[in-house]
Each structure stands twice: as structure tokens, then as C-alpha cells.
Amino acid sequence: MTILLTKNSVKEDVEMRNVYCQTLSELARENEQIVALDADLMSSMGMIPFLKEFPERTFNCGVQEANMMGVAAGLSATGKIPYAHTFGPFATRRCYDQVFLSGAYTKSNIRITGSDPGVTAAYNGGTHMPFEDIGIMRNIPEMTVLEPTDSVMLTDIIKQLAGLYGMFYVRLLRKNAIKIYEKGSTFKIGKAVKLKNGKDVTIIANGIMVAETLKAAHLLKEKGISVRLLDMFTLKPIDKETIITCAKETGAIVTAENHNIINGLGSAVAEILAENIPTPMERIGVKDLFGEVGSVDYLKERFELTANDIAKKVEKVLKRK
Amino acid sequence: MLSQKELNQLERFATEIRLETLKEIKNLGFGHIGGAMSIVETLAVLYGKVMKINPKEPKWKDRDWLVVSKGHAGPSVYTALALKGYFPIEELMTLNKPKTNLPSHCDRNKTIGIDMTTGSLGQGMSTAIGIALGNRLDRRNSYTYLILGDGECDEGQVWEGALFAHHHKLDHLITFVDTNKKQLDGYTKDINDLGDIAQKFASFGWHTQDVNGADVAKIYEAIEKAKEIKEQPSVIILDTIKGQGIKFVEETMANHHMIFSTAEHKAAEKCIIELENRLKEYQV
Ligand SMILES: Cc1ncc(C[n+]2csc(CCOP(=O)(O)OP(=O)(O)O)c2C)c(N)n1
Ligand SMILES: [Mg+2]
């Protein structure tokens with residue numbers, strides 16, 4: 001793991017989907033076993049260049065998620081390395097039993113990419129806004145659950161996945177991420193990245209909430225509160241060791257996720273704390289609500305996922321120390 | 001058969017739905033315009049003539065129901081509802097705005113007059129069947145209308161429903177397949193060829209009709225015919241164009257969801273004027 005943090009966290013000029021496509025294309029040039037599947041969201045995912053370069057190894061199944069996951073499992077049985085994409089809710093809820101049984105239970109080798117996590121589904125609204133995907137995916141035995149934070153991490157993770165065997169769920173922003181890492185950074189799946197080394201409280205975040213937490217840390221610094229920040233991009237297997245160390249050293253934990261607070265990052269962290277080192281903890285996340293339409297900024301306010309919300313929770317948890 | 005006057009009224013209503021839907025989407029600047037436009041004539045016939053409804057009592061127990069399973073066509077369904085008086089027409093300008101009652105995809109808990117929530121393709125098939133079964137259990141004579149997309153017919157759930165609806169002899173379920181020949185990523189024949197959709201439904205035991213989906217008279221006649229069929233579900237395969245009736249949208253290849261460019265805004269303005277002029281002709 002080599003981490004080069006950027007000094008300037010601004011919106012990246014590349015979209016995550018284009019980086020995804022480029023990386024997958026590079027891998028496919030080297031490895032003939034790689035195949036891509038989609039369920040009529042290939043253009044939305046920026047995967048048309050892949051389709052053009054590897055028409056034989058691309059399967060756009062049409063609008064049929066369950067069939068796609070079953071086909072991916074069959075391809076895996078013949079030694080292929082399938083990357084299957086659709087929007088988050090359709091990659092998880094819509095075909096859960098196919099992922100669970102044809103995929104995980106048979107010990108297949110599939111990378112499932114679910115795009116538009118949480119509020120980033122924006123104007124597609126409640127039917128398309130996954131606040132539960134991580135929850136149901138982490139409930140599948142042996143499933144690895146990842147949410148790459150920016151394009152540098154995405155590239156590294158997608159490359160690593162090509163060489164691993166198993167079931168992986170990659171929760172992926174399609175558009176521009178906020179830059180966190182500089183080129184040359186490499187990551188270890190299952191190992192959190194320490195972005196700030198404060199002493200009063202540890203905020204554990206993932207996805208778009210990492211950038212939001214960086215803003216919160218600035219707000220809190222002005223109030224004299226020193227924040228430690230972890231990027232928990234691997235939700236499962238979760239980095240138990242680092243959580244315990246940080247709980248010990250800072251004595252308070254706040255989690256921040258773009259997902260239902262039930263059975264997501266907050267729950268996973270709480271499980272570790274409760275069993276190992278009970279510590280005052282607060283959770284930022286969607287409070288058991290359905291999604292709705294709006295801009296990402298509006299939805300962050302609506303579901304209380306902003307830097308201000310995080311800062312408030314930090315002040316609350318500090319009182320419980 | 002429709003009288004000349006009724007025909008004129010329905011054509012006028014279709015034009016009005018198309019016009020107000022274009023304004024609605026243009027105001028937002030983006031939306032699922034292709035699939036919203038291809039069902040305009042069908043919506044005009046259903047809401048303008050066929051469906052037994054009462055906009056003052058949207059939940060009237062003896063009404064006919066409509067499930068728009070291709071839920072992304074919400075914008076034109078909302079227009080039809082507004083023009084029928086379910087809610088003020090100005091509300092169309094709130095499409096997708098914060099706290100709106102009119103989200104991208106049909107939502108029965110948000111929009112007055114929407115009978116079933118849709119957006120995850122394939123699922124409207126089953127919910128429509130359930131509605132038809134429930135009304136039959138209650139000995140109501142209500143019809144359940146269902147609109148599927150052609151791309152949507154990729155979903156296995158559609159065919160599970162086809163089998164089941166036939167087994168239960170659901171003659172009060174009348175289904176439309178909006179065959180605009182395109183799904184999100186392109187032509188259905190290039191992605192997952194559906195072949196002859198009518199023949200597929202026929203082999204599941206359905207009564208089938210192929211109809212020009214831009215012709216309100218033909219759509220009306222097909223519905224009347226379907227109502228005569230007993231002990232068998234009916235499907236009407238609508239031959240349509242994605243973006244139907246809006247030239248610049250029809251001519252755009254990737255017209256499933258469009259984010260209007262400046263040029264497209266201009267083209268839409270021109271279309272709005274054309275549609276307004278056409279409306280005036282109907283009034284004379
Ligand atoms: C289960 C599911 N998968 C994927 C999508 C994303 N999606 C929305 S519309 C669409 C294409 C639908 O094509 P079609 O049914 O032909 O609709 P139309 O052409 O009438 O717009 C897709 C893939 C979805 N809404 N639901
Ligand atoms: Mg279509």
C-alpha cells in the first residue's frame with residue numbers, strides 16, 4: 001500500500017465510468033479471459049469503447065439482470081473472468097438469488113459493479129436509489145464489498161480484482177469523484193486508509209462521504225477538535241484491527257456513509273466495537289428512508305449527509321466520551 | 001368506430017399531451033423523452049375515451065386502472081392526468097424538482113391518479129395482474145390496462161406474468177407493448193432480439209393485435225376488440241417510434257434520455273410553436 005494524498009481535493013476532471021472502461025480495456029488486452037456483461041446500461045456506464053474493441057467478449061443482455069448474473073456464473077465456471085454491471089439496485093436487489101446462489105454459493109468468480117450509489121442516483125429517484133445494496137451484499141458469505149473513492153483508487157482496485165478469485169461487489173460512482181489520492185497510490189483490499197491523524201475522534205467514511213468528511217474536519221479544526229479520518233473503502237472484510245486501534249487511541253467514533261444506517265458501514269463498525277472495545281459512537285447515513293428525486297446536493301441535505309451534519313455528530317459523540 | 005368528432009377530439013388530446021409533455025421536459029432540460037412520447041396516442045385514447053375514471057375521485061373503487069410498467073414514461077402520463085384535471089397543469093413544471101409530486105418514475109404514493117409505482121422494469125406486469133385478479137375477486141367489471149416497453153420484454157418476469165395471466169383467464173387485463181424498436185443502449189434487435197412479439201404472446205395463449213401506435217382510431221378499435229375477447233388476456237402490440245411526433249427527438253439515435261443542448265432547446269421551441277398551431281387548427 002502506497003498512499004499519496006492530494007493537497008487539493010477538487011472534482012476530478014475524469015469521470016469514474018470512463019476510467020472504469022479504460023482500465024477494463026487495458027486488462028482485457030492482456031487477459032483473454034476477461035468478459036464484460038451489462039443489462040442495457042452499457043452506454044450509461046461509458047463501456048461502448050470496450051464493446052467496440054472486444055465485441056466477442058461483451059454481452060449486453062438487455063434488460064435482464066437475473067439472467068445476466070446466472071450467465072456470469074456459467075461463464076465463470078468455464079474459467080472466464082466476468083465483470084457484470086448495471087445500476088446498483090438492479091445489480092443487487094433485482095437478482096439477489098442469482099448472485100447468492102448461482103454466484104456465491106457455487107463459489108464462482110464474478111465482479112459485480114453496481115453504479116449510482118445512494119444519493120448519486122439523483123433524478124432517477126426512489127426506485128433507482130440504493131440505500132440497501134451494501135447491506136444485502138455484505139450478508140452474502142464470502143462476498144467482498146468495495147466502494148472506490150476516486151479514479152486513482154478505482155484503477156488500482158479494478159486491476160487487482162482481475163488477479164483475484166471470488167465474488168466482489170464494487171459500488172461505483174459513475175460521474176466525477178472528488179480527488180483524494182494522487183497517481184501512484186496503491187491500496188490493500190481490506191485495509192483502511194488513514195487520511196488524517198487526529199486524536200479526539202475517528203470518523204470512518206466511505207464513498208462520497210470521504211470528501212464530505214474532509215470538509216467536516218476543517219470545520220471542526222476551527223473549533224479546536226482534532227479529527228482522525230479513515231477511508232473504509234473495503235466494507236467487507238472490514239479492517240477490524242484499525243477500527244480497534246482508533247477506538248483505543250481516540251475514544252470516540254463517527255461513521256459516515258451514503259447508505260441506510262442499517263446494515264451498512266455504521267453497522268459493520270458497531271459490530272466490531274461492541275464485541276471488542278465498546279466505544280461511544282454515532283452514525284451518519286440515511287435513517288431508514290426511501291430515496292427520492294433531486295440533485296445530489298439537495299439529496300445530501302435532505303438525508304443529512306453534509307459536512308455540517310457530520311460535524312454536529314462529532315460534537316455529540318465527544319460529549320459522550 | 002369513432003365518430004369524426006370523437007376522432008378529432010382524441011387527436012387534439014394527443015397533440016395537447018405531446019405539447020405539454022415537451023414543455024414539461026424542456027423546462028427541466030432533461031428527461032426520458034423517447035419513451036414518454038411513443039405512448040402519447042395510447043394515453044390519449046385511454047384517458048380521453050376508454051378508461052372509466054373520475055378525476056374528482058381518483059380512488060373510485062369501480063374505476064379502470066392503468067399500470068405504466070415502463071415507469072420512466074412518467075412525464076407524459078402526468079400530462080394526461082393534469083389535462084384530465086387530477087391536478088393543476090402548472091404542477092408539470094415541478095417535474096423532478098425538490099419535494100415534487102412528479103418524480104422521473106411513476107409513484108402511486110406521490111402522484112394523484114397514478115395507480116401503481118413502477119421504475120424497475122418488468123415488475124408492472126405482475127402488479128397489473130394482481131390488480132386485475134383483485135378486482136375480479138371483488139366482482140368488479142373494471143379493466144386493468146398495462147403498458148410495457150419492448151426492451152422491458154427482455155425481463156423474465158414479463159413472461160412469467162404472460163404464462164400466469166393466461167392460466168387465470170384474465171380477460172380484463174389489456175396489455176400494450178410500446179414497440180418503438182429501441183431500448184436504452186440502442187435497437188432491441190441488436191441487443192436482445194425480441195423477434196415477433198405478438199407471436200410470442202400468442203404462443204402463451206394471449207389474444208394479440210398489431211396496431212399503428214400513432215393512430216388513435218386504430219388504437220381505440222383494438223381496445224374495443226380486446227374487450228370482446230373472453231377468458232383470455234389481450235395484448236396490443238403498438239408499432240411506434242421512439243420520440244414519436246417530435247422530429248428532432250425521432251432523429252436522434254440516443255433518444256432514451258436526453259439532456260437538451262442549446263440547439264435542442266431551440267428545436268424544442270420550434271416544435272412547441274408547431275404543436276400550438278396544430279392545436280388551434282383542431283379548435284376551428
Ligand atoms: C430492472 C431495470 N433494469 C434497468 C433499468 C434501466 N432502464 C430504464 S429504461 C431502460 C430501457 C427500457 O427500454 P424500453 O422498455 O424499450 O423502454 P422505451 O423504449 O419505451 O423507453 C432501462 C434499461 C430499469 N429501469 N429497471
Ligand atoms: Mg423501447
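Lettering of chains follows the sequences in order, A, B, ..., and the numbering in each one begins at 1.
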Practice problem: Below 4.5 Å from any heavy atom of chain A, which atoms of B:Q157 appear? Answer side chain, backbone, both or neither. | Solution: side chain
Quiz item: Which bit of A:S43 is near chain B, if near means a heavy-atom gap under 4.5 Å: side chain, backbone, both or neither?
Solution: both
Quiz item: Is a side-chain N or O of A:N60 found less than 3.5 angstrom from the main chain of B:I191, in a donor-acceptor match?
Solution: no
Exercise. Give a yes-or-no answer on whether the side chains of B:S104 and A:N124 include a donor-acceptor pair shorter than 3.5 Å.
Key: no
Practice problem: Name the region of B:S120, side chain, backbone, both or neither, that has any atom closer than 4.5 Å to a heavy atom of chain A. | Solution: both
Quiz item: How long is the gap from NE2 on B:H72 to OG1 on A:T127, to the nearest 0.5 Å?
Solution: 11.0 Å
Exercise. Heavy atoms only, distances under 4.5 angstrom: which of A:L299, A:L41, A:N67 has the most pairs with chain B? Name it, please.
Key: A:L41
Quiz prompt | For chain A, the option from B:Q183, B:H257, B:H256 that forms the most heavy-atom pairs under 4.5 Å | solution = B:Q183
Quiz item: Is it true that a side-chain atom of B:D154 and a backbone atom of A:Q64 form a donor plus acceptor pair closer than 3.5 Å?
Solution: no
Quiz item: Is it true that a side-chain atom of A:R94 and a backbone atom of B:L121 form a donor plus acceptor pair closer than 3.5 Å?
Solution: yes
Practice problem: Might you confirm whether atom CD of A:E53 has over 12 heavy atoms from other residues, nucleotides or ligands at distances under 6.0 Å? | Solution: yes
Quiz item: Given that the side chain runs from C-beta out, which part of A:Y123 has a heavy atom under 4.5 Å from chain B: side chain, backbone, both or neither?
Solution: both
Practice problem: Count the heavy atoms of every other residue, nucleotide or ligand shown that sit under 6.0 Å from NZ of A:K175, and state whether that count exceeds 12. | Solution: no
Quiz item: By a 4.5 Å heavy-atom criterion (distance strictly below it), what part of A:I48 contacts chain B: side chain, backbone, both, or neither?
Solution: neither
Exercise. Answer with side chain, backbone, both or neither: which region of B:H32 has an atom nearer than 4.5 Å to a non-hydrogen atom of chain A?
Key: side chain
Practice problem: Decide side-chain contact (heavy atoms from CB on, under 4.5 Å) for B:E155 and A:V63; before the verdict, give the C-alpha distance in whole Å, the side-chain angles of both, and the deciding distance to 0.1 Å. | Solution: CA-CA 6 Å; B:E155 288 284 1; A:V63 199; 3.4 Å; yes
Quiz item: Within a radius of less than 6.0 Å around NE2 of B:H265, do more than 12 heavy atoms belonging to other residues, nucleotides or ligands occur?
Solution: yes
Quiz prompt | Audit row: A:Y298, B:K99, side-chain contact (heavy atoms from CB on, under 4.5 Å) steps and yes/no | solution = CA-CA 10 Å; A:Y298 163 75; B:K99 301 194 172 65; 3.5 Å; yes
Quiz item: Does any heavy atom of chain A fall under 4.5 Å from the side chain of B:T118, the backbone, both, or neither of them?
Solution: backbone
Quiz prompt | B:K97 atom NZ: more than 12 heavy-atom contacts under 6.0 Å | solution = yes
